[in-house]
Amino acid sequence: MIPTIPTSRSFRLIYGGYVLLFFLYLALPLTVVAVFAFNDSQFPSLPWEGFTWNWFFGEDRPQVGVFHERGILRAVGTSAFVATCVAALSVSVGTTNAFLFNRYEFRLKGVLYVLMLLPLVIPGIVLGISILVFSSTLANGIWDAARIDIQALRPGLLLVILGQFSFITTIATLVISARLQKFDRTLEEAALNLGATRLVAVRTITIPFLMPAMVGALVVAFLMSFENFNTTLMLVGSDAPLTIAMFDRLKEGSTPLLNAVSLLLMLGSSLLALVVILFQRR
Amino acid sequence: MRAHARIGFVLLLTPLVLWLGLLIVIPHIDMAILSLRERISFGVYEPSLMQYEKALTEPLYLRTFWRTAVMSVLATGITLLIAFPVAYYIAKMAKGRLQQVLFLLCLIPFYVSELVRTFGWMILLRETGIVSNLLQWVGLADQPVEMLYNDAAMMVGLVYTSMLFMVVPLVTTLESLDDSVIEAGYDLGGNGLSVLREIIIPHAMPGIVSGCIVVFMLSLGNYLTPTMLGGKDSLWFTEMIYNQFIVRSNWELGAAFGFMLLVLSSVIVWGMLRLTGRTLQETMG
């Protein structure tokens, strides 16, 4: 079953056909979402009523386009803010974690490493509720002790950011560690021999070497945060990020507006993915 | 120098400990404590096992729990069956450019939010959807067919959503299998089936295990797909957690459900690792 082993023609045809079908299956839902963004009708379904740009640029009811729909625009802003915070935080902590596990030997290292991996195998909803429970325990405790109500500990953006950060950091750590392991430490020692301090050596030699991984982790963290649903659902307050806002609308019934948003999301994330690939290749 | 290294160590250890302590360990302990108490009256609580008793005796809760577990295992199995031939094709049959392109094509759908993917399936499967119209047009149905809101639709969505996490580890392990080993298998008189059973599958085992673990976790913890594609009878355990927390405000019971989900997933992941003699570090790291 490799090209050098002769197989019957019909087997190759069936196999090729199966792979083709698989890719059709992958493409189908996304294609449908994209196509119906241009349907001149109130529903993203057949019959096809003709082509329109209204779901992007329309200004008047009933076809208000994405770029004139306040609620959606605000949700995009919220998501972008959350994703930026999560990406910055998780890459910072991911980098320090990578150095810690790569450079130091200490007791409980193995235990801490397994603990560090755990967020990946905890269901997102459970992560969400555990943080929700703990933050309200804190908030209630502070209220009972000092009669101060700390709004930040109630469901809202801070909790959403912390919730997403709690598992995205693991991914950032793994991505950055993988690159740090390939680093040749004699380069750093050379810098030390040439009179650099440890910090200067790390900043001028090691960090530039890690840059591709850090940028990659930054983009992955941003995308994961932008798309996250489960953890966010449990921690969200009144400012809904995009996925939650879309979910609420989808429950009420959908218009091609949601298709237009989805299409823009697809374009946005493919663009980001492309940037990463180009950056990595350079 | 030693003091220096000590400071560096502490500085690097602090973020890790804060992160794991404040966001992972303590919240889960707090959730465990919450699930182990009972509300007596306003603001008065007593430690008790009542939440778990309720969760384990109420037929609806118990049924949903097992259903979620069984359906997740099923989704994992189906994903593996569909993904394996494709991964093999990408890793061993396709060469050069084609190989890269196919691999990238596998990744693309997953750069898109799960919500969008689910939405796509809703457009396809609903009563006024594409598939229904297609069936009428071909003549296989004489009226609109509702294909949404049942277990099959939910399964299609679950498998679709987690496909990537099966294909990627499979391709990676299969690529590392040397062609000459497969050739040797044939030279020694093996046929397609025995080579697959004796050489390819054992070699791909690490990929199969890590793919299965991730897909199982994702299915078990999924909320969107069962909610949007599943019907009234396809209640998912995550939906019950959400209901207790957000709709009913019964946090004690919700926390108990959360813990049950956590234990279930840990037991199954641990079991899979034990069965194949691998560690979490090897599989995830």
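First the proteins, then the strands, lettered A, B, ... as listed; each starts at 1.
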- request: Check each atom of B:Thr238 against the heavy atoms of chain A and say whether the ones under 4.5 Å are side chain, backbone, both or neither.
  value: both
Part of A:Met116 within contact of chain B (heavy atom distance under 4.5 Å): both
- prompt: Between A:Tyr104 and B:Phe9, what is the ring plane arrangement, given parallel below 30°, perpendicular above 60°, and tilted in between?
  reply: tilted
message: Under the criterion side chain to side chain contact (heavy atoms under 4.5 Å, CB included), I'd like the reasoning laid out for A:Ile122 against B:His28: C-alpha separation, chi angles, the key distance, then a yes or no.
response: CA-CA 11 Å; A:Ile122 300 175; B:His28 281 91; 3.8 Å; yes
- prompt: Is there a donor-acceptor pair closer than 3.5 Å between any side-chain N or O of B:Tyr223 and the backbone N or O of A:Leu233?
  reply: no
- request: Output the distance between atom CD1 (A:Ile125) and atom CD1 (B:Ile241), rounded to the nearest 0.5 Å.
  value: 6.0 Å
query: Under a 4.5 Å heavy-atom cut-off, does chain B meet the side chain of A:Leu265, its backbone, both or neither?
result: side chain
- prompt: Who among B:Leu224, B:Leu34, B:Leu220 has the most heavy-atom pairs with chain A under 4.5 Å?
  reply: B:Leu224
query: A:Glu227 and B:Val116: side chain to side chain contact (heavy atoms under 4.5 Å, CB included), yes or no, with the steps?
result: CA-CA 10 Å; A:Glu227 290 174 9; B:Val116 176; over 6 Å; no
field: chain B contact via A:Tyr18 - which portion, at a heavy-atom distance below 4.5 Å
entry: side chain
ring-ring contact (aromatic ring centres under 6.0 Å, His included) evaluation trace for A:Phe134 with B:Trp251: CA-CA 12 Å; A:Phe134 180 51; B:Trp251 283 27; over 10 Å; no
Residue selection (most heavy-atom pairs with chain B, distance under 4.5 Å) from A:Leu138, A:Thr170, A:Thr31: A:Thr170
Closest non-hydrogen atom pair between A:Thr243 and B:Ser113, with its separation: CG2-OG, 3.7 Å
query: Of the backbone (N, CA, C, O) and the side chain (C-beta and beyond), which part of B:Leu20 lies under 4.5 Å from a heavy atom of chain A, both, or neither?
result: side chain
query: Under 4.5 Å between any side-chain heavy atoms of A:Val126 and B:Met31, yes or no?
result: yes
message: Can you tell me which of A:Ser166, A:Ser269, A:Pro155, A:Gly124 forms the most heavy-atom pairs within a distance under 4.5 Å of chain B?
response: A:Ser166
Trace of the side chain to side chain contact (heavy atoms under 4.5 Å, CB included) decision for B:Leu16 with A:Thr96: CA-CA 8 Å; B:Leu16 177 83; A:Thr96 59; over 6 Å; no
- request: Would you give the length of the straight line joining atom CG of A:Leu28 to atom OH of B:Tyr160, rounded to the nearest 0.5 angstrom?
  value: 8.0 Å
- prompt: Given side chains that start at C-beta, do those of A:Phe167 and B:Leu23 come closer than 4.5 Å, heavy atoms only?
  reply: no
message: Please classify the contact of A:Leu162 with chain B as side chain, backbone, both or neither, using a heavy-atom distance under 4.5 Å.
response: both
- line: Whatever's closer than 4.5 Å to a heavy atom in chain B on A:Phe106 counts as side chain
task: Using non-hydrogen atoms and a 4.5 Å limit, figure out which bit of A:Phe99 sits close to chain B: side chain, backbone, both or neither.
output: both
- prompt: Looking at B:Phe259, B:Phe216, B:Tyr242, which has the largest count of heavy-atom pairs under 4.5 Å with chain A?
  reply: B:Tyr242
query: Just by modelled atom types, is the B:Gly221 backbone N or O under 3.5 Å from a matching donor or acceptor in the A:Asn230 side chain?
result: yes
message: Atom CG of residue position A:Leu199 - does it have more than 12 heavy atoms of other residues, nucleotides or ligands inside 6.0 Å?
response: no
- prompt: Is it the backbone or the side chain of A:Leu132 that comes under 4.5 Å from a heavy atom of chain B, or both, or neither?
  reply: both
message: Please identify, among B:Ala32, B:Ala83, B:Pro85, B:Gly258, the residue contributing the most non-hydrogen atom pairs under 4.5 Å to chain A.
response: B:Pro85
query: Of the listed residues (A:Leu223, A:Leu250, A:Leu115, A:Leu263), which shares the most heavy-atom pairs with chain B below a 4.5 Å separation?
result: A:Leu250
task: Select, from A:Val93, A:Ile129, A:Leu112, the one with the greatest count of heavy-atom pairs under 4.5 Å involving chain B.
output: A:Ile129
field: chain A contact via B:Val25 - which portion, at a heavy-atom distance below 4.5 Å
entry: side chain
query: Looking at A:Thr173, A:Leu127, A:Ile131, A:Leu89, which one has more heavy-atom pairs under 4.5 Å with chain B than the rest?
result: A:Ile131
message: Before you tell me yes or no, could you show the steps for A:Met234 and B:Ile246 under side chain to side chain contact (heavy atoms under 4.5 Å, CB included), namely the whole-Å CA-CA distance, both residues' side-chain angles and the distance that decides it to 0.1 Å?
response: CA-CA 8 Å; A:Met234 305 308 297; B:Ile246 309 293; 4.2 Å; yes
- request: Can you tell which part of B:Ile82 gets under 4.5 Å to a heavy atom of chain A, answering side chain, backbone, both or neither?
  value: both
- prompt: Out of curiosity, B:Leu115 CG to A:Leu258 CG, how far, rounded to the nearest 0.5 Å?
  reply: 8.0 Å
field: Engaged part of B:Val167 at the chain A interface, taking heavy atoms whose separation is under 4.5 Å
entry: side chain
- prompt: In Å and rounded to the nearest 0.5 Å, what is the CZ to CZ distance from A:Phe36 to B:Phe119?
  reply: 10.0 Å
message: What part of B:Leu102 gets within 4.5 angstrom of chain A, counting heavy atoms only: side chain, backbone, both, or neither?
response: both
field: Most chain A-contacting option - heavy-atom pairs closer than 4.5 Å, from B:Leu105, B:Val112, B:Ile33
entry: B:Val112
- line: Distance col, row A:Arg12:CZ vs B:Met93:CE, nearest 0.5 angstrom, shows 8.0 Å
statement: Among A:Gly128, A:Pro123, A:Ser130, A:Pro119, the residue with the most heavy-atom pairs under 4.5 Å to chain B is A:Ser130
query: Any donor and acceptor pair, going by atom type alone, linking the side chain of B:Tyr89 with main-chain N or O of A:Tyr15 inside 3.5 Å?
result: no
